[in-house]
Structure formats: structure tokens, C-alpha cells
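In what follows, every chain begins at residue 1, and chains take the letters A, B, ... in the order their sequences are listed.
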2 protein chains.
Amino acid sequence: MEPSQEYMYAHVSIDCAIFGFDGNELNILLIEKEGTAAQKLPGSLIYQMEDTDSAAGRVLCELTGIRKMSLRQFRCFSSPDRAMDPDDVAWLEKTYGRPVGRLITIAYLSLCRINRTLSAAARRKAAHWCPVSDLPAMPFDHNRIAEEALCEIRQWTESEPAMLFELLPVKFTMAELRALYEAIYLRRFDIRNFCKKIARIPYIVRLDEKQTDVAHRAAHYYKFDRIAYNQLRQSM
Amino acid sequence: MEPSQEYMYAHVSIDCAIFGFDGNELNILLIEKEGTAAQKLPGSLIYQMEDTDSAAGRVLCELTGIRKMSLRQFRCFSSPDRAMDPDDVAWLEKTYGRPVGRLITIAYLSLCRINRTLSAAARRKAAHWCPVSDLPAMPFDHNRIAEEALCEIRQWTESEPAMLFELLPVKFTMAELRALYEAIYLRRFDIRNFCKKIARIPYIVRLDEKQTDVAHRAAHYYKFDRIAYNQLRQSM
DNA sequence: TCAAAAGTGTTCGATATACACCCATGC
DNA sequence: GCATGGGTGTATATCGAACACTTTTGA
């Protein structure tokens, strides 16, 4: 068999695009590419007896301390030249203590409250939130992964709107919810129509509690009612 | 490093769920698991310098002779026990002339006219269409892949309705189109409302030509107008 | 009393649903 | 002339889009 016809024998990694919402814009969690000034998506080679879903869960848990974070696999990136840059090749070898060679990655999407305290491991890796409008150039194909993850968010929240509430505080105002929709769909929503639409949704419930200490009329808080959500889903 | 902590080093395959439509039901293209009586999804290990998209294109082209078949990656299957059945392990070793060990697969979805003449390679592999309601037990996790592919079709055709017309003859009747929708969405559509809806779609155009040799009033043929379709998509 | 954001209602057009009858053709 | 499937229209409900003013609160 000619070299070009050898069967692929590859290391497999997962990379996670973890999004947070700062009240205005989506942010993505980047970590330092250790030993360099560059930043990258969190990710890791996976272990022999692991599947990619658990590997992604492991990486997320290491960074955020959340054990059961929801995540969604959205794409395999396997271009032969995705890990051909000499810097990247050398970095892989140093990080994993061996030559890595052919490397394919399974990309995951996850959502996280942006003010959540990250783990010590995250601090060591200088994890930080970066607005999606201002992403740096990243190693491997991480810029492409981040881009495709952004598109994927829309599809995910359409098929499972409960995901949205992983980006918001437990109690949130209508304005915050609307800002989130605007950040995801990259368009404006009319306030009046938006309120009407939300009012029709049984699993978003208005609380009696209102904002305090605001320099204008205080807004009501709302919360996500998971029980009502599950009931609604079941009946569909 | 303990054995359980070894980094995964794996062979990578692609598996294709190729759907056809027999006028009544979706069918999926199965091939013989060579040397056995079992049937499986078409697939193959991929080569070292290939990415998964081209590998899937290669496998599809080998079977159907279509060079530019549209296909959609939808999921990586990587459970450690997906290729642990002793029969499957032995079959892999025999087929690929080596022990294969850890194997992950990237699953693809594709659509094909069911009356298309398949290639000589397909005939050698006893390729045949199998109604999705009547799938046999298949090796590896191919049953699960087929199931998830079925769900994926709906999402694909919603985001890219042009895909539907890869399942229909070039000229098709309204009844055929409706039957296809019914097969995909597993529900009935009211004939009158369906016709109205289709009539509003600019890229489905009615031809003057009608059926002949039918024992009742002849139906008009319709065709898919790709130019109108692309124009519509661009303007969105 | 002013600034700033909250909150609310009506109208209109488009779309989805429900439903029943006449038409063309081959036998 | 009848059986078979083709083809059409109307009424209603729902949803999304457009659009402007009053209310509350703190400064």
C-alpha cells in the first residue's frame, strides 16, 4: 500500500466552544496556549477508553467545576493540514510529551453563566471570556470552530430553548432576555412584540420581585420553570 | 501513565446513511458485511491524508458513481464498546488485513434517487434498498446511526429544502412530493392545504406535461428550479 | 421636573388549519 | 356510468410585524 493510501491512525481531541453572555454580547471562553502568548479554545486529547462526550464533559468540569454541564457535539474537524503549523506541532509534542502527528478533533458547544467562578485549573490556564466580536487569531482551526459554533447556537436554542437559560442569571429581566436574543440572532426585536411573545410562553414566569437600586422604574424579574418546560415538551 | 489514561490512538472510519424514497417510504442503502450474511451501512476506514468529508465522498462515489453527491456530517460515534463484538473485531481484521483496535466513526447522511443504477462495486457488495421500517439488526452501532440519521433528515431538509429533490425524479407529481413529506415527517398532510403551500413556493414549478397511461385523471408534473431556489436563498 | 427605562394594545397581513365539491380519465 | 385520484376555494384562528404613549423611579 502506498503511503498516501495508509489508513488513518490518529489521535483524537475534543475542543469546546463555551459561550457566556455579558448582558450585551456573546463571549467565548479562551485559555492560554501554555508556554506561549497565544490563546485557544479549551480542549484535550481524549483517552483510549473514553468516548468524546465524556471527554468533553471532563474538560468542561476541569475548567468550570460543573459536573453535568450540557454540551452538544456539532462537528468533526479532520483536515490533514489543521495541525500542520510547525509551532502547533511542536506545542503538541511538548504538551503531550510525545509526537502527536495526525490529529482530528470533535468540536463541542456549551453554555455557561459568565459570572461563574472558574476552577483553579482555569486560573492556571488564564481562562478568560472574550467577546465573539473580538476574537484573536488562534492556533489550529480554532477560529473556524468558534465561527461554526456561533451558527450552531441558533439551531440548538431553536430545538431546545431551555439552553438559553444557562446563559442568564436564575432571575433575569425581560430586557436581559431580549438582549440575549438580540446577541444570538444578531438583530433587534421590537420590545412590545417581544414581551407579548414571552408572555405566551408557559415556562417563563414573572416573579413578584423587582429590581432595586436602579435609577429608573424597576423591572420585574422572571425565572425559567423547568417543570413547566418538561411538561410542555412531553406533550409535543 | 496507567493504561486507562493512555491517549486515544485510533482508526477513523466514516459510515454513510444513504436514503432513497420508493414513493411510499424512506429506504436506506445497505451492503453485505462481506463474508457474512449480515448487512451494514456502507462505510470505510479513511486514509491518512484524507479528511472525513472527502472520505465520505469517495465511498459514495464508489457505490453510486455520483461524483458530487451532497452529504452532511452529523455525528461522531466513539463509544469504546462500539467495535467490541468479537465477530466485528475479527471481521475488521480480515477486511483491512490488520488488527484495527480502537475505532471511531464519523456518520454522514446522504440522499439518492432510489432507481439510480448503482456501480459494479455496489453490485459486488450486494447493495440494496431496505425500508427504514424494516431494518435488520446490524453490526457495530449501525442501527443507532441509522436512527439518528432519520432524525437528521428533518433538520437538513428544513434548513435546505433543495435536498428533498434529490429523492424525487426530475419530474414529479404533487402526490409524490406529498408522499415524501409524509414519509419524512411521519404524518399526514391535507391535500388542499399542501397544494396551496407548494403553489406559493417559487422554485417548484408546474410543467405543462402530464402523466399518461393512468387509470384516472392525469396529474401535472412539477420540477425543481434550482436557479429560482438560489436566487431566493441569496435574497434571505 | 427631568431622564431613563418599564410596560402596555391595536391593527394588519401572512400563514396554518379545517373542511367539501367538481373534474378528467380509463375501464 | 362509475371508480379513481386530481385539483380547487372559503372561513377561521394564530402569529408576527408595525407602531406611540403612559408609568415609575431616582437623581
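For A:A122, the side-chain contact (heavy atoms from CB on, under 4.5 Å) partners are A:L63, A:L118, A:S119, A:A127, not counting sequence neighbours. For B:D22, there are no salt bridge (Lys or Arg N to Asp or Glu O under 4.0 Å) partners, not counting sequence neighbours. Judged as a side chain to side chain donor-acceptor pair (under 3.5 Å), and not counting sequence neighbours, B:H216 has no contacts. Residues satisfying the side-chain contact (heavy atoms from CB on, under 4.5 Å) test with A:P131, not counting sequence neighbours, are A:E25, A:N27, A:S133, A:D134. The side-chain contact (heavy atoms from CB on, under 4.5 Å) check on B:R206 picks up B:H220, B:Y222, with sequence neighbours excluded. Remark: A:R226 pairs with A:A162, A:F224, A:N230 by the side-chain contact (heavy atoms from CB on, under 4.5 Å) rule, at least two apart or across chains. B:R217 meets the side chain to side chain donor-acceptor pair (under 3.5 Å) test with no other residue; sequence neighbours excluded.
Extent of DNA chain D lying under 4.0 Å from chain A heavy atoms, first and last nucleotide in 5' to 3' order, is D:dG16 to D:dG26.
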**Message:** Go through it in stages, so that I can follow the logic: the residues are B:L41 and B:L29, the test is side-chain contact (heavy atoms from CB on, under 4.5 Å), and I'd like the CA-CA distance, side-chain angles, deciding distance and then a yes or no.
**Reply:** CA-CA 7 Å; B:L41 296 179; B:L29 192 64; over 6 Å; no
Provide a list of protein-nucleic acid N or O atom pairs under 3.5 angstrom, restricted to nucleotides 24-26 of chain C.
unit_1, atom_1, unit_2, atom_2, d
C:dA24, N3, B:R217, N, 3.4

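Near DNA chain C, defined here as any heavy-atom distance below 4.0 Å, the residues from residues 198-207 of chain B are B:R200, listed numerically. For the segment residues 172-195 of chain B, residues with any heavy atom less than 4.0 angstrom from an atom of DNA chain C are, sorted by number, B:D190, B:R192, B:N193.
Within the structure, every pair that satisfies the side chain to side chain donor-acceptor pair (under 3.5 Å) test and touches residues 154-165 of chain B, not counting sequence neighbours, is listed here: B:E158-B:Y185.
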